[in-house]
Amino acid sequence: MGERNSYYDEQSNQLIVREGLGSELTCRLSVNEMSKLLVEERRGEIRTIDDQTKQNFEAECLAYVVSTHLGLDENSLSSSSLNYFQTKEHGLKELTESLSFISKEARTLIAHIDKKIEKAIHHDAPKTKFEERLAEARNTIPTPKKAETSKTVDDPKVESPSLTR
């Protein structure tokens, strides 16, 4: 994999992330790669440097929105890409169009990810009353009953046996 922590392998159609990076960084890298792939797929082939700059901006923003939704620490949104729109003649129009695209794609990607998370959470959930009771029984640890060691007596003289001579 070289120096990169993640990449998309077109031959196997897999997203490859280096092992041992920790769960949060792995998730962030996965979101970043998915965002790049999604923008690339929706926008098509990069023909000019402007196309590349715009797609990088959109992928970066998309990754930021999705990561923020997932509660991941994504503080790598740079403002350098915004400079691209400032220098263009129709920069505001292009920026507005890009933001609309980002918003639409973010909603789609977030909905897809949320469905997958929900499915994973409820995958092991009991489906029938029997499974529910069985899971409840497995989760409850019976507490041992205390042996009765002392007995309170209201009137010890009446309750205790006496020796008669």
State, yes or no, whether a side-chain contact exists between [X] and [Y] at a heavy-atom distance under 4.5 Å.
X: N56; Y: T53; answer: no
X: H69; Y: D114; answer: yes
X: I117; Y: L70; answer: yes

remark   = Smallest heavy-atom separation, V31 atom then A63 atom, equals CG1-O, 3.7 Å
query = Closest heavy-atom contact between A59 and S35?
reply = O-CB, 3.5 Å
task = Let me see the working for I113 and M34 under side-chain contact (heavy atoms from CB on, under 4.5 Å), right down to the final yes or no.
result = CA-CA 11 Å; I113 290 170; M34 284 189 313; 3.9 Å; yes
request  = Give, for atom CD of E97 and atom CD1 of I102, the distance between the pair rounded to the nearest 0.5 Å.
outcome  = 9.0 Å
key: CG on L62 to CG on N32, rounded to 0.5 Å   = 9.5 Å
remark   = ring-ring contact (aromatic ring centres under 6.0 Å, His included) filter on F85, not counting sequence neighbours, yields F57
Quick one: list whatever passes side-chain contact (heavy atoms from CB on, under 4.5 Å) with [X], sequence neighbours left out.
X: T108; result: none
X: L25; result: L21, R28, L29
X: E33; result: S6, L15, K36
X: S100; result: none

task = Taking E58 for its side chain and E40 for its backbone only, find out whether a donor-acceptor pair lies under 3.5 Å.
result = no
inquiry  = Determine whether K88 and D50 satisfy the following criterion, side-chain contact (heavy atoms from CB on, under 4.5 Å), listing intermediate values before the conclusion.
reply    = CA-CA 10 Å; K88 300 294 287 177; D50 285 347; 3.0 Å; yes
inquiry  = Suppose we screen for side-chain hydrogen bond (donor to acceptor under 3.5 Å, both in side chains). Which residues come up paired with S103, at least two apart in sequence or across chains?
reply    = R107
salt_bridge(E105, R43) N-O dist < 4.0 Å = no
task = With side-chain contact (heavy atoms from CB on, under 4.5 Å) as the test, would you mind laying out the steps for V65 and I110 before giving the verdict?
result = CA-CA 9 Å; V65 171; I110 287 170; 4.3 Å; yes
